[in-house]
Amino acid sequence: MLDIAMFREHADIIRADHDKRNLPHDNIDAVIRLDEEWRQARYDSDQLRKVRNEAARGIAGAKKSGDTAAADSIMAEVKTIGAQIDALTERADACLAERDALRMRVPNILHESVPVGEDDQKNTLHSLHGEKVELDFEPRTHNDLVEANGWVDLGRGAKVAGSRFYFLMGDLARLEMALQQYTANFLVERGYTLVQPPLMMNREAYEGVTDLADFETVMYGVEPDKFYLIATSEHPLTAMRMDEIIEPAELPVKQVGISQCFRREVGAHGLSDRGIWRVHQFTKIEQIIICKPEDSWQHHEELFENALELWDSLGLHYRVVNICTGDMGSIAAKKYDLEAWLPGVSEYKEVVSCSNCTDYQANRLRMRYRTTDGNAAVHTLNSTAVATSRALVAIIEQNQLEDGRVRVPEVLQAYMGGQEVLQSL
RNA sequence: GCAGACGUCGCUUAGCCUGGUAGAGCGCCGGAUUUGAAAUCCGGUGUCCCUUGGACUCGGGAGUUCAAAUCUCUCCGUCUGCGCCA
């Protein structure tokens with residue numbers, strides 16, 4: 001959420017941003033109005049508390065000097081002040097709660113380099129990487145190939161869990177682990193600390209890092225313990241320092257999270273989502289950075305470069321798009337997506353998302369760092385390194401051989417005992 | 001799961017029994033002193049509203065009271081022991 005100071009001092013900036021996103025200004029105006037109401041109620045209750053505190057000091061003084069009559073007299077005077085304070089406090093709390101509920105729905109301020117457009121069709125092409133291999137046979141889709149080779153059992157996944165669950169088997173499971181190891185090592189060598197986070201989080205921590213709508217459409221709840229299964233390790237890693245004041249010497253925090261990710265994928269259907277492209281559970285290796293505000297755009301490029309070099313090293317062809325205003329979501333100020341080429345369906349599809357969230361998550365999480373001028377919100381950034389299910393799809397489709405088997409990317413062969421081709425079951 | 005102990009400002013801790021302005025040390029920031037540094041001394045060092053003064057803050061929430069770090073209830077967490085267990 002945005003700093004309340006933005007609403008008080010620079011509401012024009014928020015309004016201009018809403019115009020770019022084609023959003024009405026209602027929430028902005030309501031936040032400003034509720035903020036004023038809250039301050040008034042707060043001031044009134046503070047004044048009454050002042051009266052009560054003065055009386056309390058009077059009582060204490062009178063009792064100390066043995067003048068019980070004076071003490072009783074003051075006590076009688078302030079007998080009912082507590083109820084008035086309670087009423088005003090209740091009103092102040094209600095205004096504040098409503099102010100912040102609305103403030104949570106106001107999206108982040110977009111970076112000036114974000115292209116304006118209504119939906120993902122208006123994302124702009126940033127760059128192309130690797131070579132688009134021309135196969136001298138008809139390319140098959142990954143869902144066709146995994147089934148033919150016995151690498152994925154979706155039917156039995158549906159039987160024991162539900163649709164979009166799967167068993168990953170044999171050499172493809174082995175390749176998945178190789179990909180995890182390789183990617184984690186790749187980033188550890190660049191100075192990132194490897195972290196295995198909790199796979200569940202409580203509601204309060206989760207509200208700090210995600211859009212409220214995600215609780216309905218993305219996250220699985222675990223009853224009766226009121227936990228949520230994480231949708232990405234970005235969430236626990238970023239929430240890790242909730243309510244903390246970070247010493248400047250600790251910044252930037254650079255971590256690589258590795259975890260299983262769980263997503264409900266409500267409303268997702270269609271041919272292009274078949275196989276293991278869009279599933280309820282997958283492994284993801286994620287980069288996160290927590291840094292000082294003045295460094296965040298430089299770090300955003302660093303995360304982006306890491307992702308590019310990693311995907312280049314896998315020998316895959318992909319393109320990069322700069323996400324436009326209409327496709328952005330509420331958390332990020334700017335986002336690059338890497339989209340891998342899938343010859344089976346002749347499409348580029350999203351495999352990596354690299355975001356600078358500026359102070360939006362930090363404000364919700366009350367995550368600050370010390371400056372000589374007081375405490376200030378940090379900036380948070382995150383980027384996929386590899387989501388294994390989607391990386392496997394890209395590898396399978398781009399590295400497929402005419403006989404239906406799949407070539408192992410060279411850098412991963414060492415993690416599979418030198419194996420060069422995945423064998424079917 | 002059971003029993004006990006504990007949770008106070010960035011860190012360490014006092015205060016709790018017996019309710020009445022949250023104190024000290026360390027760290028950090030500023031100043032004095034110094035050629036410079038150390039040492040020393042002085043001041044500052046949580047949050048919010050600022051209507052210049054104020055209110056809030058002792059793990060969270062609720063209660064009792066004119067008044068709660070302090071008393072009561074409850075939840076959370078940590079430690080120790082027992083139990084269970086990959």
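Sequence lines set the chain letters: A, B, ... in the order given, protein chains first and strands last, and positions in each chain run from 1.
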For this session: Quickly work out the A:M367 CE to B:G46 C1' distance and round it to whole Å.
Result: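 Going from CE in A:M367 over to C1' in B:G46 covers 19 Å.
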Exercise. What residue among A:S296, A:S113, A:S355 forms side chain to side chain donor-acceptor pair (under 3.5 Å) with A:K334?
Worked result: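 Considering A:S296, A:S113, A:S355, a side chain to side chain donor-acceptor pair (under 3.5 Å) with A:K334 is found only for A:S113.
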Exercise. Considering residues at least two apart in sequence or located in another chain, which fulfil the ring pair (Phe, Tyr, Trp, His ring centres under 6.0 Å) criterion with A:Y228?
Worked result: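 A:Y228 satisfies ring pair (Phe, Tyr, Trp, His ring centres under 6.0 Å) with A:F215 only.
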Exercise. Which residues pass the ring pair (Phe, Tyr, Trp, His ring centres under 6.0 Å) test with A:Y318, sequence neighbours left out?
Worked result: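 Once residues adjacent in sequence are excluded, the partners of A:Y318 under the ring pair (Phe, Tyr, Trp, His ring centres under 6.0 Å) criterion are A:H129.
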Exercise. Can you list every pair that meets ring-ring contact (aromatic ring centres under 6.0 Å, His included) and has a residue in residues 235-265 of chain A, with sequence neighbours left out?
Worked result: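 Qualifying pairs, neighbours excluded: A:Y206-A:H235.
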Exercise. Centre of A:F186's six-membered ring, under 6.0 Å away, within 45 degrees of the axis: is that where NZ or CZ of A:R190 sits?
Worked result: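 Verdict for A:F186: a cation-pi partner in A:R190.
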Exercise. When we call it a touch if two heavy atoms are under 4.0 Å apart, what does A:E250 touch: a base, just sugar-phosphate, or nothing?
Worked result: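 Nothing, no heavy atom under 4.0 Å.
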Exercise. Looking across every strand, which nucleic acid part, if any, lies under 4.0 Å from A:R366 by heavy atom: base, sugar-phosphate, or nothing?
Worked result: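 Counting heavy atoms under 4.0 Å across all strands, no contact is made by A:R366.
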Exercise. Is there ring stacking between A:Y43 and B:C49, where the centres must be under 5.5 angstrom apart and the planes under 30 degrees?
Worked result: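 According to the criterion (under 5.5 Å, under 30°), no, A:Y43 does not stack.
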Problem set entry | Nucleic acid contacts of residues 71-90 of chain A, taken as heavy-atom distances under 4.0 Å to RNA chain B |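 Result for residues 71-90 of chain A: A:M75, A:V78, A:K79, sorted by number.
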Set out, line by line, the N/O atom pairs under 3.5 Å between protein and nucleotides 54-56 of chain B.
| unit_1 | atom_1 | unit_2 | atom_2 | d |
| --- | --- | --- | --- | --- |
| B:G54 | N2 | A:D46 | OD2 | 3.4 |
| B:A55 | OP1 | A:N53 | ND2 | 3.2 |
| B:A55 | O2' | A:D46 | OD1 | 2.7 |
| B:C56 | OP2 | A:N53 | ND2 | 3.0 |

Exercise. Does any N or O in the side chain of A:R21 come within less than 3.5 Å of the main-chain N or O of A:G329, such that one atom is a donor and the other an acceptor?
Worked result: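 Confirmed, A:R21 side chain pairs with A:G329 backbone.
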For this session: Indicate for each nucleotide in nucleotides 57-62 of chain B, in 5' to 3' sequence, whether protein heavy atoms under 4.0 Å reach the base (B), only the sugar-phosphate (S), or nothing (-).
Result: ------
Exercise. Quick one: do A:R274 and A:E147 make a salt bridge, cutoff under 4.0 Å?
Worked result: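 Not counted as a salt bridge, because no side-chain N and carboxylate O are separated by less than 4.0 Å.
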